[in-house]
Amino acid sequence: MRFHNEVSLWTRVKRAALGFDSWLNATLYDSGRSMSGAWERYSNAADKLSARGLPRVVLDLTSEAVTLGALGGIVMLGLAVPAFRETHDDWRRTNEFAITFLDRYGQEVGHRGIRHDDSLELDQIPDNLIKAALATEDRRFYEHWGIDPIGTARALVNNSSGGSVQGGSTLSQQLAKNVFLTNERSLERKVKEAFLALWLEWHLSKNEILKLYLDRAYMGGGNFGVAAASDYYFGKSVKDLNLAESAMLAGLFKAPTKFAPHINLPAARARAAVVLYNMVDAGFLTEGQIQIALRNPATPVDRGQKTVPDNYLDWAFDRVKRLAQAGKLGYDRVLVVKTPLDVGIQKRAEEAIESILRQHGKTYNAEQSALVVTDPDGAVRAIVGGRDYGQSQFNRATDALRQPGSSFKPFVYATALAQLRYRPNSIVRDAPVCIGNWCPANYNRSFAGAMPLTTALAKSINTIPVRMSLEIGRGNAKAGRAIIIETARRMGVETPLKDTTSLPIGASEVTVMDMAAGYSAFANGGRRAEPYAAVEIRNSHGEVIYRRDRDVVPEQVLSTQVVEDMNYMLSKVPEEGTGKRAALDGIRSAGKTGTTNAYRDAWYVGYTGNYVMAVWFGNDDYESTRNMTGGTLPAMAFKEIMDFAHQGIELKPLPGVEPMKAGQQVASAGKAAPAARAEGAGPQISAATMSRRSFEVIGGLTDMFRSVEVPKPAAAAPANGRRTTALVPPGEGFRPVGGRLAMP
């Protein structure tokens, strides 16, 4: 029975296989017959459509054209993709900054970056300037579609016949190069330029392309666009250009460096004449209409005698770029920045520094100086980065790192007042102290014993801040220094401080700007005052995009008690201590002198309720001076400049310090100083009879009549304009005194 079942199963499998084979054969046979019939029907139909003779030639050529066109389209697409990758969502904006700076009164004081102004609409640009541009650059602009074969052919014929050289690029192609590409001379760039011109024509109207071209074309002298060029070359708005001036500007499109009127005026005028005749050839003007412009060519303004606060503008430009990088200015790069720059203080500071160095520089062997004047809230009023910007553009006020000496001690005292139970009348002891093998001593090579904290600061005792660093760290000097460094940082010292054992007496390098920022916290009641150069920023459309008082909230870093105690103690420095030459006439001030080892650096950092000023004297090559201390030239410069700065303004009190009464004076060694009145500093006018603003105007008139220029001595500038540092390891370079080391 079992065998019978197995045979039956095998029989069924064989039958199923035979059935599948039969079905497959029949299906393939039927399919073949069907396909054969379809092909026969197709062949019959094709035979009916076959062409002979001329129709066949036409069909063959059309077929080849379609084939080659498809292949060409693939190649063109491959070439176009790299070009179109140059475009992006915000392609209309420029990455280059064009910043116009105004002083605190809203008067223009200078530019940085490129000069660029795209605020005018096309209908505000003179018709003659537009016609001059089209006649010279692209007469068929409104007729072609981005690439002009006719214009290119005409240029080739003209150039080959020996006529004046003409370019074959359309205005759209030139705009594509200006916006997306470089001036590289290569086939790849020309291919990209052509595709991008087509892209521009597809996305923009003709008038939009023309407007962008007039705004973006380089016009020489750092100017981009006709509006900026008009202001730079002719000192007027582009809206006010006459025909001769328009022709001269249009002549710059071809070769801005060659034809720039401030470089080669005869060449610029000759080129302008060519532009005028081009306008006649194009049918825009008649020969009679251009005769006046030919007889009265344009004359650019003379910008050779204009002086600007270059160090200030360099620093302000960097600060504005920082705001842009932080995303606070949007995407606009054509900006107008109102600064807190006080032209009067800036000018007086430059004159005072030069006068003091001219009179006393050789005596003290000092060749350079730098200073910063700010408001207590951080608004920078003036920067002097060195004696002569023309000889050295290195900004010693913001970039040079120098040891501050004893002028750093207020940061230590402020930390001690905040961390410990010190008060101005607390008794401290001036006695030997050592950290490891480093033992600081005082400038006078002796120890004075017990004294009030106020006296220790006024007399600049070295051992006291070192002892304080130990107490702040609860016996751990390194921990104490870390707290001091953090206090200085929060108060405004941006330069990273090096943690060395001699840090409490000023061995770690800082900038002049750092010191002005740090002391501002004492003057303003304990708030961090980051130095700033932008009171208000407007974009190219005149919209306010940044306001300092709106966008920045100051941080409270010192308590009111600490500020009042520090101000009281620091006010004794110009009254009774090392800074007597810095005492101001009838104005209560506070400050601190600083002198580094081997007399390499001398400082005075001081302030009133109105201004903060940090000033440094020394040499770029770190050569020692002849016993110059912070109480000599730096203190004299502080008095000279701050006496002027306070004329005709409302005096603000220092927190915790009683203002001087009417007629009260501080005995000041500075009254006998030869540099108390800077040579050539202008008329000395009493604040009671004339305001500061009037004084500035009178000073400006005085400069107009000054005809003799005193040559300034050459100054050695740090190589490559880099920051300079003087690394002094703990204990090295300090004056040995009885087995110890002292820093004055």
Side-chain angles (χ1 to χ4, degrees), residues 114-116 125-126 128-141 144 146-148 150-186 189-190 193-194 197 209-230 232-234 238 241 243-282 284-285 290 293-294 297-298 300:
I114 65 174
R115 293 182 182 87
H116 184 207
I125 298 175
N128 280 334
L129 178 55
I130 294 175
K131 289 179 177 178
L134 294 178
T136 305
E137 299 301 312
D138 190 355
R139 297 181 189 179
R140 300 186 68 254
F141 172 69
H144 62 66
I147 300 174
D148 185 11
I150 297 176
T152 302
R154 183 179 65 246
L156 290 173
V157 171
N158 184 79
N159 296 343
S160 63
S161 64
S164 59
V165 178
Q166 295 181 3
S169 295
T170 66
L171 192 145
S172 300
Q173 288 175 274
Q174 294 180 52
L175 176 62
K177 181 186 68 174
N178 293 338
V179 173
F180 300 111
L181 306 173
T182 67
N183 289 323
E184 175 191 7
R185 292 180 177 272
S186 67
R189 196 266 290 172
K190 292 297 292 183
E193 180 183 290
I209 293 174
L210 179 59
K211 170 69 165 56
L212 272 174
Y213 178 77
L214 295 175
D215 285 341
R216 295 294 184 87
Y218 181 59
M219 308 292 284
N223 300 284
F224 287 79
V226 294
S230 175
Y232 182 76
Y233 292 123
F234 304 119
V238 68
L241 293 179
L243 178 58
E245 293 164 343
S246 296
M248 186 171 284
L249 285 190
L252 296 174
F253 292 124
K254 180 179 181 180
T257 302
K258 179 180 179 181
F259 297 122
H262 69 304
I263 295 176
N264 191 338
L265 184 56
R269 286 176 169 171
R271 177 62 179 165
V274 172
V275 171
L276 290 171
Y277 283 113
N278 284 342
M279 295 176 74
V280 174
D281 292 341
F284 294 143
L285 295 176
I290 68 172
L294 290 172

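Fair warning: this is a prediction, and the values are worked out from it, not measured in the lab.
In this structure, the separation between CG on Leu249 and OG1 on Thr136 is 11.5 Å, given to the nearest 0.5 Å. Residue Ser172 holds its OG atom at 5.0 Å from NE2 of His144, rounded to the nearest 0.5 Å. Atom-to-atom distance recorded for Ile209:CD1 and Asp138:CG is 10.0 Å, nearest 0.5 angstrom. Rounded to the nearest 0.5 angstrom, Leu243 CG and Leu241 CG are separated by 10.5 Å.
Residues in residues 261-272 take part in these side-chain hydrogen bond (donor to acceptor under 3.5 Å, both in side chains) pairs, two or more places apart or across chains: Arg269-Thr299.
Partners of Asn128 under the side chain to side chain donor-acceptor pair (under 3.5 Å) rule, at least two apart in sequence or in another chain, do not exist in this structure. Applying the ring-ring contact (aromatic ring centres under 6.0 Å, His included) criterion to Phe284, with sequence neighbours excluded, gives no partner residue.
In this structure, Tyr213 has its ring center under 6.0 Å from that of Phe253.
A donor-acceptor pair is defined here as one N or O able to donate and one able to accept, closer than 3.5 Å; such a pair exists between the side chain of Tyr233 and the backbone of Met219.
Between Leu252 and Val226 there is no side-chain heavy-atom pair separated by less than 4.5 Å. Two residues are said to be in side-chain contact when any heavy atoms from C-beta on lie closer than 4.5 Å; Leu214 and Ile130 meet this criterion. Residues Leu285 and Lys131 have side chains not in contact (no heavy-atom distance under 4.5 Å, counting atoms from C-beta outward). Side-chain contact between Ile114 and Asn223 is absent, with no heavy atoms from C-beta onward closer than 4.5 Å. Within the 4.5 Å cutoff, no side-chain heavy atoms of Thr170 are placed close to those of Phe141. Looking at heavy atoms from C-beta onward, Tyr277 lies in side-chain contact with Leu294 at the 4.5 angstrom threshold. Pro261 has its side chain within reach of Met248: a pair of non-hydrogen atoms, C-beta onward, lies under 4.5 Å apart.
The two residues Pro256 and Gly220 make their nearest non-hydrogen contact at CB-N, 3.4 Å. Closest non-hydrogen pair, Ile147 versus Gln173, comes out as CA-OE1, 4.4 Å. The nearest pair of heavy atoms linking Ala282 to Ala135 is CB-CB, 4.0 Å. Taking every heavy atom of both residues into account, Ala133 and Ala250 meet most closely at N-CB, 4.0 Å. Between Gly221 and Arg115, the shortest heavy-atom contact is O-NH1, 2.8 Å.
Remark: the His116 side chain and the Asp215 side chain contain no N/O donor-acceptor pair separated by less than 3.5 Å.
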